[in-house]
Amino acid sequence: MRFRVDRDVLAEAVTWTARSLPTRPPVPVLAGVRIDVDDSGVVQLSSFDYEVSARSEIAAEVSEQGTVLVSGRLLAEISRALPAKPVDMVLDGTKVSVTCGASRFTLLTMPVEDYPALPAMPDVIGTVAGDQLAEAVAQVTVAASRDDTLPLLTGVRMEIEGDTMALLATDRYRLALRELRWTPARTDISQVALVRARTLNDAAKSLGGSDQVTIALSTGAGVDLIGFEAGGRHTTSLLVDGDYPAVRRLFPDETPIHAVVDKAALTEAARRVALVAERNTPIRLAFSEGQVVLDAGQGDDAQASEALEATLVGEDITVAFNPQYLLDGLGAIATPLVRLSFTHPNKAVEFTGQAELGGDDDKSYRYLLVPIRFAS
């Protein structure tokens, strides 16, 4: 194996391919990146941990084809540290030499024959704009659970009906729903998949710069996989097995009280007031005509309060939220104004975006947050 490639191209491809390598692999070869070089001038870099696979293709000047397996993290660190010159990689026995200008590194190879075969990309079901996918996934995954003892809730439920894709996530304390348009391969498509939030977020971030991201899905008989592809990069992931709870019904049909506040002002005020909110203590928001007052802290502890302009429809209401959960929801809303819709002080509050006062709220993204009960 012998090829030459631009340093930036190599570094970007190796870093992307090695991003999901396990820190403590069950077998040593799973810490490796497989490099396949053919005489067509294409170098393919692959990684796989039995759950998530990644494959990246780059163009290179190939002198000799071949296949090697080397430490992925080490190769990524080396390629990023090399000077801005062409890189030559040559297989010499059981070692690979990496030469770039006056820099030279030698890497030990691992047995390629022990490396597992990568899963094939499932059937393509459609495409979606990369920036829209990245935004939607970021908005929803903030509500996914980080508790691995509840594996179902660490996933994002993807619901596909025709040209509409819906993403849902919950950790039992908040619920996020985002609906977006996409281009399905079939107009009558109807699919549901439960994707690991961490994997989906990683794929959306890394491929979101592309104009279009291709989505592939295999369900039913055999292994259930989801795949994403854009710009010569392919990634697949096993789906989470199990029945996701019926969370859509938690969104209220009617909300007799709602308030509209400037999102940026509310976010900054919440950050300031939260400075005195100790662990597991809430921020209280008291809504009355024309204003909302935020406060935190009580008794002999440090205290803070701040008043903001707000438009309230309905009776006065006071709620309390986990500060981080509140900031997560506000950060996911893309409009200048945020609308908080209430049914009761102790019932979940729905957050939606609003472009202007008096306008309709944007239901394409909905964030439902359970308030914390507090002493009157």
Side-chain angles (χ1 to χ4, degrees), residues 19-27 29-31 46-55 115-126 128 133 136-162 164-180 182 184-186 188-207 213-229 234-251 368:
R19 75 198 188 286
S20 58
L21 288 175
T23 53
R24 294 182 179 86
V27 289
V29 292
L30 295 185
S46 311
S47 65
F48 185 37
D49 66 356
Y50 291 116
E51 290 186 356
V52 178
S53 76
R55 192 169 72 248
Y115 200 71
L118 270 69
M121 184 68 75
D123 295 333
V124 172
I125 60 169
V128 62
L133 178 65
V137 169
Q139 289 176 311
V140 170
T141 51
V142 295
S145 176
R146 275 74 168 170
D147 185 358
D148 290 331
T149 63
L150 299 169
L152 277 178
L153 300 188
T154 64
V156 172
R157 179 178 167 92
M158 180 183 290
E159 300 175 348
I160 295 170
E161 289 291 338
T164 300
M165 177 188 296
L167 303 175
L168 294 115
T170 183
D171 61 2
R172 300 178 298 169
Y173 305 105
R174 60 253 181 92
L175 167 63
L177 166 64
R178 170 66 195 270
E179 294 181 339
L180 67 156
W182 78 311
R186 305 191 325 268
D188 62 343
I189 190 170
S190 178
Q191 293 271 26
V192 174
L194 188 55
V195 191
R196 288 175 177 81
R198 188 184 303 114
T199 303
L200 182 60
N201 194 41
D202 184 54
K205 277 183 178 179
S206 61
L207 302 178
V213 176
T214 298
I215 300 177
L217 188 64
S218 68
T219 58
V223 177
D224 290 347
L225 282 176
I226 190 166
F228 302 91
E229 187 274 327
H234 314 252
T235 184
T236 66
S237 173
L238 288 175
L239 297 178
V240 180
D241 188 25
D243 296 324
Y244 204 71
V247 293
R248 271 185 180 266
R249 60 182 175 79
L250 299 177
F251 286 104
L368 200 65

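- The two atoms that bring Pro119 and Leu225 nearest to each other are CB-CD1, 3.7 Å, heavy atoms only.
- Remark: Arg146 pairs with Arg174 by the side-chain contact (heavy atoms from CB on, under 4.5 Å) rule, at least two apart or across chains.
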side-chain contact (heavy atoms from CB on, under 4.5 Å) between Met121 and Thr214, worked out: CA-CA 11 Å; Met121 184 68 75; Thr214 298; over 6 Å; no
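- Once rounded to the nearest 0.5 Å, the distance linking CE of Met158 with CG of Leu200 reads 5.5 Å.
- Minimum heavy-atom separation, Leu118 to Ser47: CD2-O, 4.2 Å.
- Residues meeting the side chain to side chain donor-acceptor pair (under 3.5 Å) test with Thr199, sequence neighbours left out: none.
- With sequence neighbours excluded, no residue forms a salt bridge (charged side-chain N to carboxylate O under 4.0 Å, His left out) with Arg55.
- Not a single side chain to side chain donor-acceptor pair (under 3.5 Å) links Ser20 to another residue, sequence neighbours left out.
- At a threshold of 4.5 Å between non-hydrogen side-chain atoms, the residues Ser145 and Leu152 do not count as touching.
- With sequence neighbours excluded, the residues forming a side-chain contact (heavy atoms from CB on, under 4.5 Å) with Glu51 are Asp49, Arg196, Leu238, listed by chain and number.
- Legend: residues meeting salt bridge (charged side-chain N to carboxylate O under 4.0 Å, His left out) with Asp188, ordered by chain and number and at least two apart, are Arg186.
- Of the possible polar contacts, one joining the Thr235 side chain to the Ser53 backbone as a donor-acceptor pair under 3.5 Å is found.
- Within 6.0 Å of OH on Tyr173 lie no more than 12 heavy atoms contributed by other residues, nucleotides or ligands.
- When the salt bridge (charged side-chain N to carboxylate O under 4.0 Å, His left out) test is applied to Glu159, the partners found at least two apart in sequence or on another chain are Arg157, Arg248.
- At most 12 heavy atoms of other shown residues, nucleotides or ligands fall within 6.0 angstrom of atom CG in Asp123.
- Looking at Leu167 and Val137, their side chains come closer than 4.5 Å, going by heavy atoms from C-beta outward.
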Asp147 and Asp171: CA distance, side-chain angles, deciding distance, side-chain contact (heavy atoms from CB on, under 4.5 Å) verdict: CA-CA 8 Å; Asp147 185 358; Asp171 61 2; over 6 Å; no
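- Remark: Val247 engages Leu168, Thr170, Leu175, Tyr244, Pro245, Leu250 in a side-chain contact (heavy atoms from CB on, under 4.5 Å) (not counting sequence neighbours).
- Judged as a side-chain contact (heavy atoms from CB on, under 4.5 Å), and not counting sequence neighbours, the contacts of Arg198 are Asp148.
- Using a 4.5 Å cut-off on side-chain heavy atoms (C-beta onward), Trp182 and Ile125 make contact.
- Between Val124 and Ala185, the shortest heavy-atom contact is O-CB, 4.0 Å.
- In terms of the side chain to side chain donor-acceptor pair (under 3.5 Å) criterion, residue partners of Ser190 (sequence neighbours excluded) are, by chain and number, Glu161.
- Considering all non-hydrogen atoms of both residues, Phe228 and Ala203 come closest at CD1-CB, 4.0 Å.
- Residue Gly155 comes nearest to Leu194 through the heavy atom pair C-CD1, 3.9 Å, listed as atom of the first residue, atom of the second, then distance.
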Evaluation steps, side-chain contact (heavy atoms from CB on, under 4.5 Å), between Val192 and Ile160: CA-CA 6 Å; Val192 174; Ile160 295 170; over 6 Å; no
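- Minimum interatomic distance between Val52 and Ser237 (heavy atoms only, all atoms of both residues): CG2-OG, 4.0 Å.
- Counting only heavy atoms from C-beta outward, the side chains of Asn201 and Val156 never approach each other to under 4.5 Å.
- Scanning for side chain to side chain donor-acceptor pair (under 3.5 Å) contacts around Thr141 gives an empty result, with sequence neighbours left out.
- Applying the ring pair (Phe, Tyr, Trp, His ring centres under 6.0 Å) criterion to Tyr50, with sequence neighbours excluded, gives Phe48.
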